[in-house]
Participant: 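Below is the structure I would like to discuss, written out as structure tokens.
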Amino acid sequence: LQNDNHQRERHGALASPTPPTGAAEDWTVPQRWDELTAEDHWVWDTLFARQQTLLHGRAVEAFGQGLDVLHLSRPGVPNFDELNDKLHRRTGWTVVAVPGLVPDDVFFRHLSERRFPAGNFIRAADQLDYLEEPDVFHDVFGHVPLLAQPDVADFMQALGHLGLEAVELGALHRLARLYWYTVEFGLARENGAFKIYGAGILSSFGESHYSLESAKPHRLNFDLRRVLRTGYRTDSFQLSYFVIDRFEDVLKLVLRNDLSALYEELDRSPDLSPCSIEEADLLAA
Ligand SMILES: C[C@H](O)[C@H](O)C1=Nc2c(nc(N)[nH]c2=O)NC1
Ligand SMILES: [Fe+3]
């Protein structure tokens, strides 16, 4: 089962720099919601029902609250105009449609201006658990509910600015790790128990089980330097998860630290593999 969304751990630019035909300079396209098929809506409803049941008691509370305030439980693929009506009023974010993966600088530019790029397609009905690129279910069900939460909304915009800086500094591989181990595969401690907030887990049936129940992965306390040094796997469930307590703590951490100085410092020590355990690691309990 391939991990349901993302690309190889990066060291070079991703997609070709020029937007595909029909896309704007910033790679956005019209959603054309009324052109979605009954099968597209069936796939959304099937994935939604399965995950909503499974995530009850497994996801952070803010996720369920986000689903409610954004009325995402209504049937069918959400119409972005209606969704943005509610989302923008809450945290100033909007969801924009893109044809698929966009170049890193384009992606982080959007985040830095509180626009979340969502893949304007949905996986096939016979491939509910397999995905090459992030589709609308991963992007809207996995990422958008928490964008209705002010601290997460601020954190994602900060990552946008840090991403643009990292592209300039040639340190994108480090910032991509922070993005990966928080926004995509993050766990949090809530009322003494591990809960899911990473979109890559929230939108994956298999990893929603594995990330909380399997004895295989390491669950480590979030540590900024450790995360920036740690590689990640894109072709399997994660071998390590990093656990935070509160979003505002991580937000303060990335805003208080001069990441560019950190990148230089970390270039002097070896990177860590996704499954390594260090002396200094604090196992999350
Ligand atoms: C940020 C992350 O590391 C990664 O570089 C990217 N993610 C995405 C992307 N493009 C889209 N549409 N969705 C993503 O999640 N481009 C780049
Ligand atoms: Fe994602």
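Both counts, for ligands and for their atoms, begin at 1 and track the order of listing. Only heavy atoms go into these numbers, but all of them, side chains included; no hydrogens, no water, no symmetry mates. Along the sequence shown, residues are numbered consecutively beginning with 1.
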Participant: Looking at Ala176, which atoms of ligand 1 are within less than 4.0 Å of one of its heavy atoms?
Facilitator: 3 (O)
Participant: Check the angle between the aromatic planes of Tyr232 and Trp180 and answer parallel, tilted or perpendicular using the 30° and 60° thresholds.
Facilitator: parallel
Participant: For ligand 1, which part of Phe108 has a heavy atom less than 4.0 Å away: the side chain, the backbone, both, or neither?
Facilitator: side chain
Participant: Taking C-beta and beyond as the side chain, do Thr94 and Phe116 meet within less than 4.5 Å on heavy atoms?
Facilitator: no
Participant: State, to the nearest 10 degrees, the angle whose vertex is the Fe ion (ligand 2) and whose arms point to NE2 of His143 and NE2 of His138.
Facilitator: 90°
Participant: Is Glu184 close enough to the Fe ion (ligand 2) that one of its N, O or S atoms comes in under 2.8 Å?
Facilitator: yes
Participant: Among the clusters formed by ILVMFWY side chains lying less than 4.5 Å apart, do Val243 and Leu202 turn up in the same one?
Facilitator: yes
Participant: Given the side-chain rings of Phe155 and Tyr179, with only the six-membered ring counted for Trp, is the space between their centroids under 6.0 Å?
Facilitator: no
Participant: With a 4.0 Å cut-off on heavy atoms, does Gly100 reach ligand 1?
Facilitator: yes
Participant: Taking heavy atoms and a distance under 4.0 Å, where does Val98 meet ligand 1: side chain, backbone, both or neither?
Facilitator: side chain
Participant: Near Val102, which atoms of ligand 1 are under 4.0 Å from a heavy atom of that residue?
Facilitator: 9 (C), 10 (N), 11 (C), 12 (N), 16 (N), 17 (C)
Participant: If you measure only the distance, is there a donor-acceptor pair under 3.5 Å linking the side chains of Asn221 and Arg189?
Facilitator: yes
Participant: Whether Asp154 and Arg114 form a salt bridge (side-chain N of Lys/Arg under 4.0 Å from carboxylate O of Asp/Glu) is what I want to check.
Facilitator: yes
Participant: Does Asp104, backbone or side chain, put an N or O under 3.5 Å from an N or O of ligand 1?
Facilitator: yes
